[in-house]
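Heads up: the structure comes next, in structure tokens.
Because the structure is a prediction, the values reported are computed rather than measured. Within every chain, numbering begins at 1; the chains are lettered A, B, ... in the order of the sequence lines, protein sequences first and strands thereafter.
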Protein chains: 2
Amino acid sequence: MNIGEVAERAGLPPKTIRYYEDIGLIRPLRSDNGYRAFQKNDLHKLAFLGRARALGFSIEDCRTLLALYDDSTRESAQVKQIAEEHLHQIDEKIAQLKSMRNTLAHLVEACHGDHRPDCPILKDLSNANVD
Amino acid sequence: MNIGEVAERAGLPPKTIRYYEDIGLIRPLRSDNGYRAFQKNDLHKLAFLGRARALGFSIEDCRTLLALYDDSTRESAQVKQIAEEHLHQIDEKIAQLKSMRNTLAHLVEACHGDHRPDCPILKDLSNANVD
DNA sequence: CTTGACCTTCCACCTGCTGGAAGCACCATT
DNA sequence: AATGGTGCTTCCAGCAGGTGGAAGGTCAAG
């Protein structure tokens, strides 16, 4: 398989696939013409990467997960730990965004949003304790 | 005021302040010795930027907000629109993270996390429709 | 035999900073 | 006046995780 077909099937842009090779996540063979010659295994790994990235795992997490995926003697505890840590990070991120959202929603509500210059949003933003 | 004091009072690292000058968000005067000479107004703008960034506004949004902040003839509707769009983006981000969280939480729950290699997390990640 | 789609590499750019090196400026001691 | 320590300056590089584009080789169809 050439990169175009693999990209199509894995649902990743060719550029991203080349990048993943660059950083050593995959190591596709090469044909005589210099084209990357992807095997089924590469395709599976790329799809795996696509799913893991869609779940927000970092590239380094993906690297580890892929190594575990390849290792038939792995312990599921290792995988679970990575996933749990990531879950925790997602929770933190959600909490942070919710807090932003709250503040911002109040400000938006308080702003009439008309032709007048008076604006509680700007007022709040400039009201930092700085003097 | 020198950059150190301003950094302290605005709650931003000196590096960040130099960067903000670099990209044209602020234009502090210079003393004869070449040091940046911050006025009260610069300090207020930096604090404003700090608050806006903490609410997740992009640098480009901040640029626009700062221009509106400076413009006494602004219409609050302009500010409100930016804030509403940003709010919307936050909501989307939260929804996306919640969806990730859901999927991941199910997977983590399903994984025994012991010394055996059998792992529903890896299984799910590799189960993309690819053939 | 040419056209167009596909592939290759390489380099730059994106966001929003952050770290570090090399070199002045300033202030307080000695 | 010299010295030492801190603070300031600029510039260059790098982080994540790609994306865009240029310059050029390859392949299959007409």
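- If you measure from atom CD of B:E60 to atom P of C:dG16, you get 8 Å, rounded to the nearest angstrom.
- To the nearest angstrom, P of C:dT18 lies 11 Å from CD1 of B:I59.
- Judged by distance alone, with hydrogens and angles left aside, the side-chain atoms of A:D42 form a donor-acceptor pair with the main-chain N or O of A:Q39 at under 3.5 Å.
- Computed from coordinates, the A:I23 CD1 to D:dG14 C1' distance equals 15 Å when rounded to whole Å.
- For the residue pair A:Q96 / A:E92, no side-chain donor-acceptor distance below 3.5 Å is found, with atom types taken as modelled.
- Rounded to an integer number of Å, the gap from A:I17 CD1 to D:dG20 P is 15 Å.
- Dashed line: the shortest gap from a side-chain N or O of A:Y20 to OP1 or OP2 of D:dG18 is under 4.0 Å.
- The distance between atom CD of A:E8 and atom C1' of C:dC7, rounded to the nearest whole Å, is 16 Å.
- Looking at B:S76 and A:D114, their side chains do bring a donor and an acceptor atom within 3.5 Å of each other.
- Contact annotation for A:P13: backbone-only contact, meaning every heavy-atom pair under 4.0 Å involves sugar-phosphate atoms and none involves a base.
- C:dC14 atom P lies 13 Å from atom CG of B:D22, rounded to whole Å.
- Backbone-only contact: B:R36 has heavy atoms under 4.0 Å from sugar-phosphate atoms and none from a base.
- The closest side-chain heavy-atom distance from A:H112 to A:D118 is below 4.5 Å.
- Each of B:R53 and B:D32 was assigned the nucleotide of DNA chain C with the nearest heavy atom; the assignment lying further toward the 5' end belongs to B:R53.
- Between the A:R74 side chain and the A:L68 main chain, a donor and an acceptor come within less than 3.5 Å of each other.
- The shortest distance between the side-chain N/O atoms of A:Y35 and the OP1/OP2 oxygens of D:dC27 is not below 4.0 Å.
- Each of A:F38 and B:T16 has a nearest nucleotide on DNA chain C; the 5'-most of these lies closest to A:F38.
- Taking side-chain N and O atoms only, B:N33 has no distance below 4.0 Å to OP1 or OP2 of D:dT9.
- Applying the 4.0 Å criterion to OP1 and OP2 of C:dG19, one finds that B:R18 has every side-chain N and O outside that range.
- Distance, A:Y19 OH to C:dC10 C1': 16 Å, rounded to whole Å.
- C:dT15 atom C1' lies 13 Å from atom CG of B:L25, rounded to whole Å.
- Taking the side chain of A:N2 as heavy atoms from C-beta on, and the options D:dT10, C:dC7, D:dT19, the nearest nucleotide is C:dC7.
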